[in-house]
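Quick note on labels: first sequence line is chain A, next is B, and so on, each numbered from 1.
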Amino acid sequence: MTTTRLIDDSIFTDLEGAHEVPALAGSACEGCGTTTFPRQSSCPRCGGVAMSDTALAREGTIWSATVQHFPPKPPFRFDGDFQPFGMGYVDLGAVIVESRFTEGSMDRLAIGTPVELTLLPAFTDEDGTQVLTFAFAPTHREESA
Amino acid sequence: MSSNDVAIVGIGMTQFGRQPGVTGRAMAVEAVTAACADAGTTWPDMQFAFGGTYSCGDADTLISMLGLTGAPFINVYNGCGTGGSALISAVNAIKSGERDLGLVLGFDKHPPGAFNEDPENVGLGSWYGENGFMVTTQFFSTKIQRYMHEYGITEDALARVAEKAYRNGSKSPTAWRQKPVPADQILSSPMVNDPLTKLMFCSPGEGAVALVVASAERARTLTSTPVFVNAAELRSRRFGSFEVYSPWLSPDREVSATTDAARIAFEAAGIGPDDVDVAQIQDTESGAEIMHMAETGLCAHGEQEKLLADGETEIDGRIPINTDGGVLANGEPIGASGLRQIHEITVQLRGHGGERQVPGDPRVGFTHVYGAPGLAACTVLSR
Ligand SMILES: [Zn+2]
C-alpha cells in the first residue's frame, strides 16, 4: 500500500475540507488587499504586518506558460526518466501563481486557457511515500484535429 | 541639467570567453594595465579605484599585483549591477571635487553551468526547488511568452536578435562567439524552454574590463577624445514587476527597474532616447533584448518586430543595438558585462570600431544592464 504526502503542508490549506484537492494557501494584507503566495508575514506592497490566511481560488486561466525540456538540477526531484513538463503562471484573480501544468505540450497551454487546481505525483521518498505537488489542468480539452 | 563633468579617458578589456589557465585576477590586471596605458597614465597615477567581481574573490587584493600605492581601492559587490555601481561610485567621487583621476574595474570567470541558486538563499522553501522552479530560463521564457502574446512578437524576431548578435560578434576580435549563425539554425537548436532555444541564450563566461575616469578639466590634458558620462543611474525593482524566482505575481503590473533607470538616466542627461546613435542593452537571451528595447524607451512596445525585420538595429541601421554582439556573443562574466558595454560605446564614439563601426560619426551612446534580483543600471554617454 502506498502512502502519500504533500510536497509541503504549509503551502496548502483546507486540508480536511469537502474538496478532494486542498486549496493553495496565501496571505491577504488587511491594509492594501494584496494577496501573496505562499503565506507571508508582511506585505511586500505596503509593508503592513496584518496578514490573514486566505484560500486561493481553485480555477483560473493560463497567464503564461512554457515547457521545461531538460531536467532541472538538484534540488529538483523526479522519478525514473525525466519527462518534459509544462509550467508557468495562472491568473486566479486576486493573485497570479507559478505552477506546474498537467500538460507537457505547448498546444495545450495557450494563454487564456481555463484551468483548475489538481494534485500531481512529483517524486517518491526513499521510504516509498509518494509526494504530491500542486498543478493546474486545462478544464476544457479540445481535441486537436 | 546635463553636467559633462566626468569623462572616460582610458579603456582596457581582455579577450572574452574561455581562457584556460588564465585566472580572473590575471585578466583584471591585464585590463587595468591596458586602460591606464590607453589614458597615457600608469596605475600609480590613480587616486582611487572602484572594482568588483562576482566569483573571483576580493577585487581590492589586486593591489599586490598592480602596485602598492596607498590609494583607496573599494570593493563593489552588487550582482549584475556590479560594473554599473562601480562606475556610479567613481563618477560621484570625481563630481565631489575631491579627486580628478581614478579607475573602474569589473571582472569574472565563471565555469560552465554556473549560477546555481539554493531556494533558501532567496527566501523560498525547499518545495520550490523540488518542484523544478529554480530554473532561470523558465523566467525568461514565461516573461517573453506573455510579452509576445501582448505585443504580437514572433519567433522570427527572437531568431533575428541572436543572428545579429553572432554576426556582430564575428566582427569583434575580443568576442567569445566569432562565427555567424543563420536564423534557421538558431530556431532549430534544442528547445530549452519554449519559445527560447539553446542558441538564443547566453552562457556564463570570462572577461575583465577597466576604465580610467577623469574630471573634464583633467581629461583635456590627457586625451583629445574624451567620452563624457552624462548620466549613470541604478534602480531596483518596485512592487508589481516580474522577476526571476517568483512563486506569485501581482495582477497589478508595474514597470520594471529598467524603465525606471532608463527614464531617470535620460532625464539627468537632458538627452532623449531619440538622440541615441548606438546602444548596448542587456540580452541575456533574445527575448530580453526585445523587451528591453521598449522598456528603455528606444522604441515603442510592439514596434520591435518591424524594427528587427527591417534591420534597424543592425550596425548600419537607424538604432544600432549590441554592436559587439552583447552577452549572447561575449558570454556573461557578471562583474564585467556592464563595463564591456561602456567600453564598446567608447570605442564607437571614438570611431575605432573597425569592421563594426557605426557609420555617421555617432555622438550619443546608451548602455543598460539588468539582472537579479530585479535591478537595472543605465548610462548615457556622449562625446
Ligand atoms: Zn499591503
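- Using a 4.5 Å cut-off between heavy atoms, B:Phe140 makes no contact with chain A at all.
- The part of A:Ala94 that comes within reach of chain B is its backbone (N, CA, C, O), which places non-hydrogen atoms under 4.5 angstrom from that chain.
- Of the residues listed (B:Glu285, B:Glu243, B:Glu295, B:Glu150), the one engaging B:Lys143 in a salt bridge (charged side-chain N to carboxylate O under 4.0 Å, His left out) is B:Glu295, and it is the only one.
- The closest side-chain donor-acceptor pair between B:Glu289 and B:Gln282, if any, does not fall under 3.5 angstrom.
- Residue B:Ser126 does not touch chain A at all, counting heavy-atom pairs closer than 4.5 Å.
- Looking at A:Thr34, the atoms closer than 4.5 Å to chain B (heavy atoms on both sides) all sit in the side chain, from C-beta outward.
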Worksheet item: Between B:Ser55 and B:His110, is a side chain to side chain donor-acceptor pair (under 3.5 Å) present by the stated rule, with each step listed?
Response: CA-CA 7 Å; B:Ser55 64; B:His110 308 297; 3.2 Å; yes
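- In this structure, chain B has a heavy atom under 4.5 Å from the backbone of A:Ser99, while its side chain stays farther away.
- Between B:Asp283 and B:His292 the shortest side-chain heavy-atom distance does not fall below 4.5 Å.
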Item to complete: For side chain to side chain donor-acceptor pair (under 3.5 Å), just list the numbers for B:Thr197 and B:Ser189, CA-CA rounded to whole Å, side-chain angles, deciding distance to a tenth of an Å, and then say yes or no.
Response: CA-CA 6 Å; B:Thr197 66; B:Ser189 71; 3.1 Å; yes
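- Looking only at heavy-atom pairs under 4.5 Å with chain B, the residue among A:Arg77, A:Arg45, A:Met106 that has the most is A:Arg45.
- Using a cut-off of 4.0 Å between Lys/Arg side-chain N and Asp/Glu carboxylate O, A:Arg5 and A:Asp125 are scored as salt-bridged.
- Proximity to chain B (any heavy atom under 4.5 Å) is restricted, for A:Ile11, to the side chain, taken from C-beta onward.
- When the candidates B:Gly129, B:Gly240, B:Gly125, B:Ser141 are compared by the number of heavy-atom contacts under 4.5 Å with chain A, B:Gly129 comes out ahead.
- Looking at B:Phe139, neither its backbone nor its side chain comes within 4.5 Å of chain A, counting heavy atoms on both sides.
- For the options B:Ser246, B:Pro195, B:Ser250, heavy-atom pairs under 4.5 Å to chain A are most numerous at B:Ser246.
- In this structure, chain B has a heavy atom under 4.5 Å from the side chain of A:Tyr89, while its backbone stays farther away.
- Aromatic ring orientation, A:Phe76 versus A:Phe78: parallel (interplanar angle below 30°, classes split at 30° and 60°).
- Under the 4.5 Å side-chain criterion, counting only non-hydrogen atoms from C-beta, B:Val192 is not in contact with A:His69.
- Neither the backbone nor the side chain of B:Pro190 comes within less than 4.5 Å of any heavy atom of chain A.
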